[in-house]
Novice: 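Let me begin by handing over the structure; questions about it come next.
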Protein chains: 2
Amino acid sequence: MKHIPHKTIERLSQYRRALLLCLSKGKDHIFSHEIAKIQHITPVQVRRDLMLIGYTGTLRKGYKIQELIELIGEIIDSKEGQKVAIVGIGNLGRAIIKYFKNKRPKLAIVAAFDSDPKKIGKKFSGVTCYNISDMPKEIKNQNITIAIMTVPDDRTIEIADLLVKSGIKGILNFTPRPINVPDNVFLEEYDMTTSIEKVAFYVKDVQA
Amino acid sequence: MKHIPHKTIERLSQYRRALLLCLSKGKDHIFSHEIAKIQHITPVQVRRDLMLIGYTGTLRKGYKIQELIELIGEIIDSKEGQKVAIVGIGNLGRAIIKYFKNKRPKLAIVAAFDSDPKKIGKKFSGVTCYNISDMPKEIKNQNITIAIMTVPDDRTIEIADLLVKSGIKGILNFTPRPINVPDNVFLEEYDMTTSIEKVAFYVKDVQA
DNA sequence: CTAACACTGTTAATTATTTCACAATTTTCT
DNA sequence: AGAAAATTGTGAAATAATTAACAGTGTTAG
Ligand SMILES: NC(=O)c1ccc[n+]([C@@H]2O[C@H](COP(=O)([O-])OP(=O)(O)OC[C@H]3O[C@@H](n4cnc5c(N)ncnc54)[C@H](O)[C@@H]3O)[C@@H](O)[C@H]2O)c1
Ligand SMILES: NC(=O)c1ccc[n+]([C@@H]2O[C@H](COP(=O)([O-])OP(=O)(O)OC[C@H]3O[C@@H](n4cnc5c(N)ncnc54)[C@H](O)[C@@H]3O)[C@@H](O)[C@H]2O)c1
């Protein structure tokens, strides 16, 4: 398969969850305009995304939900699943771990890391918290490929470097400090303050 | 001023925080390539963004940090500030309220809303939690313009509708259920599961 | 004093993403 | 059966965002 745009991957993740919901309601086929309605996008966009992953529906019947879910799974998930760690088990880290626990079968959170002695050795939502200094060892032993970073701002860069040194393959960074990784590590950053300020700006704009 | 792209607004929010940090370290001027280095983008992008907001630096001196911070403030913030509410004070809502408390002077979190009797009337990080049924009244009385939604998935749509009816101007939706708002309400959605699945996909891609 | 350098600001080119427009085909209706 | 309606798949056009290229201009070094 050729190149799939980032935006398409994001939408596929969302389609899958919408489809799972439809499936649980007993639906078995769905039209592009129905998916579009749920996601508040256009039907063409849906069709184009599915075209890009090579899925083809049946004319006038739409897409087979079960099949499409499986195909999206083949694209996004890796067969054996991937292991995820949370680094920094503070307020945000704990919320995430609780939320994600058993949410996606192919993405298991298998470890937390922190530097606070009061947290090390304890379990959070069933996940053991290790000392940050053991991170390289644990990432290798447990074959962890993805890290979610929720550490204090001023620790961000050093910890990202440590993750890279430990052989991590992908990082989702929730701190507001941009990090730098080599080409063979995939990086996704989300900055909540930016989101809120963006809303604030456009709200002002609309009012004006 | 003409139209500013969404992406530029996002970067401006980030520049401002980077600049505040530099300022606190005693720096008073900065070059486009220095900002670029911090943000891991190109210097051209920085210059273009600043061009779009009409800021002009001095040749061979760079940009005056203090001035630039103020200009970005004039663009993003509204003069009198805006009031923000958190809807759904569960794990994520509590983490956010704690995090944002006093973080941005022009964006004050002034209310939380929930339906759980055990939470109503209590304070969270100093912010009072009201009954969701009082939301329309409170939004109007306190002149709240922005809402952050962290409610259970299956309540998302009804609560978004209630927010719109209450006259909200902007919504930041953290639930995975897409919502629909009229044109005069600005909507920003962030879906954490999508982010993680995106990382998972590209990690697999790199390995393959 | 002049040349080389180091920056900014901007136009033009490129790349990425979305939307338009419509051919093709199946189903439904008469 | 033939016409109308519904729906997919896709090339081409439009729009949005990034990057390249470079002119202009102080600054520094010789
Ligand atoms: N709380 C939120 O809602 C929120 C929202 C947006 C962004 N963030 C960002 O997420 C990050 C964490 O925020 P938080 O509110 O959870 O903070 P927090 O202080 O509650 O949690 C930070 C955790 O990191 C641990 N830690 C400190 N030093 C460490 C080290 N060297 N190695 C490993 N762990 C270490 C701390 O012990 C603590 O458990 C921050 O960068 C913050 O800016 C948080
Ligand atoms: N926890 C996370 O890290 C995380 C991450 C990503 C997305 N989310 C999303 O954020 C949302 C909240 O997640 P959470 O983990 O905080 O859940 P939670 O169950 O801890 O919190 C939900 C809160 O909403 C309240 N609530 C229920 N019905 C309500 C109503 N009708 N009106 C107002 N409030 C009501 C509940 O009392 C509770 O306090 C969910 O949509 C979840 O998918 C959470």
Side-chain angles (χ1 to χ4, degrees), chain A residues 1-15 19 22 27-65 67-68 71-72 178 186-189 194 198 201-202 205, chain B residues 1-15 19 22 27-65 67-68 71-72 178 186-189 194 198 201-202 205:
Chain A
M1 187 173 308
K2 58 260 131 197
H3 173 254
I4 303 178
H6 281 221
K7 292 289 179 67
T8 293
I9 292 296
E10 292 174 10
R11 282 188 298 264
L12 287 173
S13 158
Q14 287 162 15
Y15 297 163
L19 291 169
C22 291
K27 228 169 137 54
D28 64 339
H29 281 79
I30 194 165
F31 295 126
S32 62
H33 67 258
E34 292 177 296
I35 300 181
K37 185 105 185 271
I38 300 171
Q39 300 299 128
H40 302 117
I41 57 179
T42 67
V44 204
Q45 179 112 78
V46 173
R47 294 205 297 276
R48 169 137 333 241
D49 286 337
L50 300 190
M51 184 187 111
L52 286 171
I53 62 171
Y55 186 67
T56 143
T58 8
L59 200 38
R60 304 227 29 170
K61 283 238 176 58
Y63 305 96
K64 191 140 195 318
I65 294 179
E67 255 177 39
L68 186 46
L71 177 59
I72 294 176
F186 182 83
L187 172 65
E188 175 84 2
E189 308 199 280
T194 290
K198 185 177 171 188
F201 170 78
Y202 284 104
D205 218 41
Chain B
M1 189 172 308
K2 58 259 130 196
H3 173 254
I4 304 178
H6 281 220
K7 292 289 180 68
T8 293
I9 293 295
E10 293 174 10
R11 282 188 298 264
L12 287 173
S13 157
Q14 288 161 15
Y15 297 163
L19 291 170
C22 291
K27 228 169 136 57
D28 64 339
H29 281 79
I30 194 165
F31 295 125
S32 62
H33 66 258
E34 291 176 296
I35 300 180
K37 185 107 186 269
I38 300 172
Q39 299 301 125
H40 303 117
I41 58 179
T42 67
V44 203
Q45 179 112 81
V46 174
R47 294 205 298 275
R48 169 152 306 260
D49 287 336
L50 299 190
M51 184 185 108
L52 288 170
I53 63 171
Y55 186 67
T56 142
T58 9
L59 200 38
R60 303 222 34 167
K61 283 238 176 55
Y63 305 97
K64 190 141 193 320
I65 294 180
E67 256 177 39
L68 186 46
L71 177 59
I72 295 176
F186 182 84
L187 172 64
E188 175 84 3
E189 307 199 280
T194 290
K198 186 176 171 189
F201 169 78
Y202 284 105
D205 218 40

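Just the heavy atoms: all of them, side chains too, but no hydrogens, waters or symmetry mates, feed the values below. Chain naming here is simple, since letters A, B, ... match the order of the sequence lines and numbering starts at 1 in each. Nothing here was measured: the structure is a model prediction, and the numbers come from that model.
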Novice: Rounded to whole angstroms, how far apart are NZ on B/Lys7 and P on D/dA16?
Specialist: 13 Å
Novice: Starting at CD of B/Gln45 and ending at C1' of D/dT19, how long is that distance when rounded to a whole Å?
Specialist: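 After rounding, the reported distance stands at 9 Å.
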Novice: Give the rounded distance in Å between these two atoms: NE2 of B/His40 and P of D/dT18.
Specialist: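 One finds 17 Å between P of D/dT18 and NE2 of B/His40, rounded.
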Novice: Just list the side-chain donor-acceptor pairs under 3.5 Å for residues 54-64 of chain B, sequence neighbours left out, or say none.
Specialist:
residue : atom : partner : partner atom : Å
B/Tyr55 : OH   : B/Lys64 : N            : 3.3
B/Tyr55 : OH   : B/Glu67 : OE1          : 2.9
B/Thr58 : OG1  : B/Gly62 : O            : 3.3

Novice: Measuring to OP1 and OP2 of C/dT27, would you say a side-chain N or O of A/Lys61 lies under 4.0 angstrom away?
Specialist: yes
Novice: Closest approach to the side chain of B/Met51, judged atom by atom: which nucleotide of C/dT11, D/dG24, C/dA6 is it?
Specialist: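 When the side chain of B/Met51 is considered, C/dT11 is the closest of C/dT11, D/dG24, C/dA6.
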Novice: Side-chain contact test, heavy atoms from C-beta onward, threshold under 4.5 Å: evaluate it for A/Gln39 versus A/Arg11 and give yes or no.
Specialist: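 In short, these two side chains do not touch, never coming nearer than 4.5 Å.
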Novice: Check the distance between C/dT18's C1' and A/Gln39's CD and give it to me in whole angstrom.
Specialist: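 Roughly 16 Å, once rounded to whole Å.
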Novice: Looking only at side-chain N and O atoms, does A/Thr58 come under 4.0 Å of OP1 or OP2 in C/dT26?
Specialist: no
Novice: May I ask you to evaluate whether B/Arg11 reaches the phosphate of D/dT18, defined as a side-chain N or O under 4.0 Å from OP1 or OP2?
Specialist: yes
Novice: Base, sugar-phosphate alone, or nothing: which one does B/Thr8 contact when heavy atoms must sit under 4.0 Å apart?
Specialist: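 B/Thr8: no heavy atom of the nucleic acid under 4.0 Å.
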Novice: Using whole Å, report how far OH of B/Tyr55 lies from C1' of C/dG9.
Specialist: 14 Å
Novice: Hey, which of these two, B/Leu59 or B/Val44, hits DNA chain C nearer its 5' end, going by closest nucleotide?
Specialist: B/Leu59
Novice: Taking the side chain of B/Pro5 as its heavy atoms from C-beta onward, which of D/dA17, C/dT28, C/dA21 lies nearest to it?
Specialist: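 My answer, after comparing the listed nucleotides, is D/dA17.
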Novice: Assign the ring pair A/His6 / B/Tyr202 to parallel, tilted or perpendicular, where the plane angle (0 to 90°) is split at 30° and 60°.
Specialist: tilted
Novice: Checking the side chain of B/Glu34 only, and the main-chain atoms of B/Phe31 only, is there a donor and an acceptor separated by less than 3.5 Å?
Specialist: yes
Novice: When the distance from CG of A/Asp49 to C1' of D/dT8 is rounded to whole Å, what number comes out?
Specialist: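 Nearest whole value for this atom pair: 15 Å.
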Novice: Let's see if you can work this out: which of C/dA6, C/dT10, D/dG11 has an atom nearest to the side-chain heavy atoms of A/Arg48?
Specialist: D/dG11
Novice: Mind checking if A/Ser32 touches a base, just sugar-phosphate, or nothing, with heavy atoms under 4.0 Å?
Specialist: sugar-phosphate
Novice: Could you check whether any side-chain heavy atom of B/Cys22 comes within less than 4.5 Å of a side-chain heavy atom of B/Ile38, counting everything from C-beta outward?
Specialist: yes
Novice: How long is the line joining CD1 of B/Ile53 and P of C/dG9, in whole Å?
Specialist: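 Checked: the CD1 to P distance equals 11 Å.
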Novice: In this structure, how many angstroms lie between the P atom of C/dT10 and the CZ atom of B/Arg47, rounded?
Specialist: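 From B/Arg47 CZ to C/dT10 P: 11 Å.
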